[in-house]
Amino acid sequence: MSSPSIVWSDWQPLVLPEPLSPAVLTEVVDGGQTFRWNHSSDGIWQGVWADCVARLKPAVPDGLLWSAPPELAGMVANELPSYFGAGLRFDRLVDDLPWRSDPHLARCLKAFPGLRLLRQPLEETLLCFLCSSTKQIVQIKQMVELLAQRHGREIAPGIHRLPTWTELAAVSEEALRSCLLGFRARYVNQTAQILAANGDWFNRLEQLPYHEAKERLRELPGVGEKVADCVLLFGAGRLEAFPVDVWITKTMESRYALEGWTPQQIAHFGRVHFGASAGLAQQYLFAWERAQGRS
DNA sequence: TGGGAACCTTT
DNA sequence: AAGGTTCCC
């Protein structure tokens, strides 16, 4: 993953409003929100988003240091805090969740202190989650890495950003299939045709309130309820979005007695029960449920 | 409106 | 054998 020809800047602090332990950092960058961060060595993570490449290293006690190729360091210094949602006080948002009356939520919050939602570039968030259906994190990472290497611009030696939608519109469905997308290749291809023909599409999307933005996203081939909510939550800062996947379905059925509910009903319950930051609650429930599966 | 099919890798 | 879903009949 790391290229020997890359020079890295000196480590500098990333200032966040709340501490982030190494374990919770792992959950943030490799727990299903994003798919382009890889463990390089000794707890160092290397990631790519938009035109940025960075390394991240936990620092005692719960701080974070970053490094980037010198020619990108200015941009990364600017973009990294917003990517990590440094402008949001997640501790306050968490405190507003109904943990006082919801013991399961309280347990999840305690298990992953400082868990954050990333604020990712909207356009590539859509691409990643279009690739995500019935795939696990490792497989999604594999697909988007191939898309980047073969169709995205090189931003540092050996490191490529994800292709833009304009670039994707020129890639054949066949070439997308060879990036292991399978039936998702058609979704990406058709979506790219629509987006490339509407230069203003993402700007207009960001102006819309949550429900209308979700409807607009769902007009795109391959975007259903779950993918639309992931795109809005991780790429547009809509914290009320409550993506319901198999893990959340499992959690809500067993911990909230919602057996037999449809995913749509579960999503509605989630937004009502957890409130304005339902998506943040979702991330905690999701992390906790996955951790149960592993242990 | 519910269930099967859509790819292809990993388990 | 089934996977962190969508689409279509």
Side-chain angles (χ1 to χ4, degrees), chain A residues 26-38 108 112 115 117-118 120 124-150 168 171-195 214-235 241-256 258-268 270 278-295:
Chain A
T26 298
E27 190 62 35
V28 171
V29 298
D30 206 17
Q33 297 190 49
T34 186
F35 305 99
R36 298 211 64 200
W37 287 87
N38 290 290
C108 297
F112 298 92
L115 187 64
L117 293 167
L118 296 173
Q120 301 173 63
E124 63 182 48
T125 308
L126 173 60
L127 176 59
C128 291
F129 282 94
L130 220 32
C131 293
S132 73
S133 61
T134 61
K135 285 294 176 193
Q136 299 182 9
I137 294 167
V138 271
Q139 298 172 298
I140 302 166
K141 288 173 81 168
Q142 204 174 158
M143 292 186 235
V144 299
E145 189 57 36
L146 282 166
L147 284 171
Q149 289 299 329
R150 294 184 186 175
L168 284 167
V171 177
S172 70
E173 185 181 328
E174 207 45 44
L176 293 171
R177 275 180 192 272
S178 77
C179 295
L180 310 180
L181 296 207
F183 61 83
R184 301 156 200 83
R186 186 167 47 88
Y187 298 157
V188 171
N189 181 263
Q190 292 180 344
T191 291
Q193 305 311 315
I194 295 170
L195 297 180
K214 189 169 171 182
E215 276 179 48
R216 181 67 51 85
L217 275 165
R218 291 209 48 192
E219 293 168 5
L220 299 172
V223 180
E225 286 276 332
K226 191 268 182 187
V227 170
D229 270 332
C230 286
V231 172
L232 290 169
L233 181 60
F234 303 132
F242 191 83
V244 176
D245 58 22
V246 297
W247 294 98
I248 292 297
T249 300
K250 193 175 149 191
T251 294
M252 300 309 283
E253 284 177 341
S254 63
R255 318 259 167 219
Y256 293 82
L258 304 189
E259 287 92 353
W261 290 43
T262 66
Q264 210 166 16
Q265 290 170 324
I266 293 173
H268 180 72
L280 182 58
Q282 178 271 168
Q283 206 57 32
Y284 277 95
L285 299 177
F286 179 81
W288 198 88
E289 202 62 45
R290 289 180 66 234
Q292 300 316 298
R294 284 192 297 264
S295 62

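Every value quoted in this text rests on a predicted model; they were computed, and no experiment measured them. These values consider heavy atoms only, across backbone and side chains, with no hydrogens, waters or symmetry-generated copies. We name chains A, B, ... by the order of the sequence lines, and we start the count at 1 in each one.
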Quick one: [X] [atom1] to [N] [atom2], roughly how many Å, whole number?
X         : N      : atom1 : atom2 : answer
Leu217(A) : dT6(C) : CG    : P     : 11 Å
Gln139(A) : dT5(C) : CD    : P     : 12 Å
Trp247(A) : dT5(C) : CH2   : P     : 11 Å
Asp229(A) : dT5(C) : CG    : C1'   : 13 Å
Phe129(A) : dT6(C) : CZ    : P     : 12 Å

Check salt bridge (Lys or Arg N to Asp or Glu O under 4.0 Å) between [X] and all other residues, then give those that pass, not counting sequence neighbours.
X         : result
Arg186(A) : none
Lys214(A) : Glu225(A), Asp229(A)
Glu259(A) : none
Glu173(A) : Arg177(A)

For Val138(A) and Thr134(A), find the nucleotide of DNA chain B closest to each by heavy atoms; which residue's nucleotide sits nearer the 5' end?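 Comparing both residues, the 5'-ward one is Thr134(A).
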Using the P atoms only, state how far dC9(C) lies from dC7(B), rounded to an integer number of Å.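 Pairwise P distance, dC7(B) against dC9(C), rounds to 15 Å.
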If we take the P atom in both dT1(B) and dT5(C), what is their distance in whole Å? 22 Å
Dot-bracket for DNA chain B, 5' to 3', Watson-Crick and G-U pairs with both distances under 3.5 Å, [ ] for crossing pairs, | for partner on another strand, reads .|||||.|||.
Kindly give the atom pairs (protein nitrogen or oxygen, nucleotide nitrogen or oxygen) under 3.5 Å for nucleotides 7-9 of chain C.
from: dC7(C); atom 1: OP1; to: Gly222(A); atom 2: N; distance (Å): 2.7

Gln193(A): what forms a side-chain hydrogen bond (donor to acceptor under 3.5 Å, both in side chains) with it, not counting sequence neighbours? none
Can you list everything that forms a side chain to side chain contact (heavy atoms under 4.5 Å, CB included) with [X]? Sequence neighbours excluded, please.
X         : answer
Val171(A) : His151(A), Ala175(A), Leu176(A)
Ser133(A) : Phe183(A), Arg184(A)
Gln139(A) : Lys135(A), Gln136(A)

Using a 4.0 Å heavy-atom cut-off across all strands, classify Val227(A) as base, sugar-phosphate, or nothing. sugar-phosphate
Sugar-phosphate only, base, or nothing, as touched by Lys135(A) at under 4.0 Å among non-hydrogen atoms: base
Is the distance between the ring centroids of Phe35(A) and Phe129(A) less than 6.0 Å? yes
Enumerate the salt bridge (charged side-chain N to carboxylate O under 4.0 Å, His left out) contacts for residues 244-253 of chain A, please, sequence neighbours excluded, ordered by first and then second residue.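 Passing the test, one end in residues 244-253 of chain A: no pairs.
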Report yes or no: does Arg150(A) contribute a side-chain atom to a donor-acceptor pair with the main-chain N or O of Ser178(A) at less than 3.5 Å? yes
First and last nucleotide of DNA chain B touching chain A, 5' to 3', heavy-atom cut-off 4.0 Å?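 Here the contact window of chain A covers dA6(B) to dT10(B).
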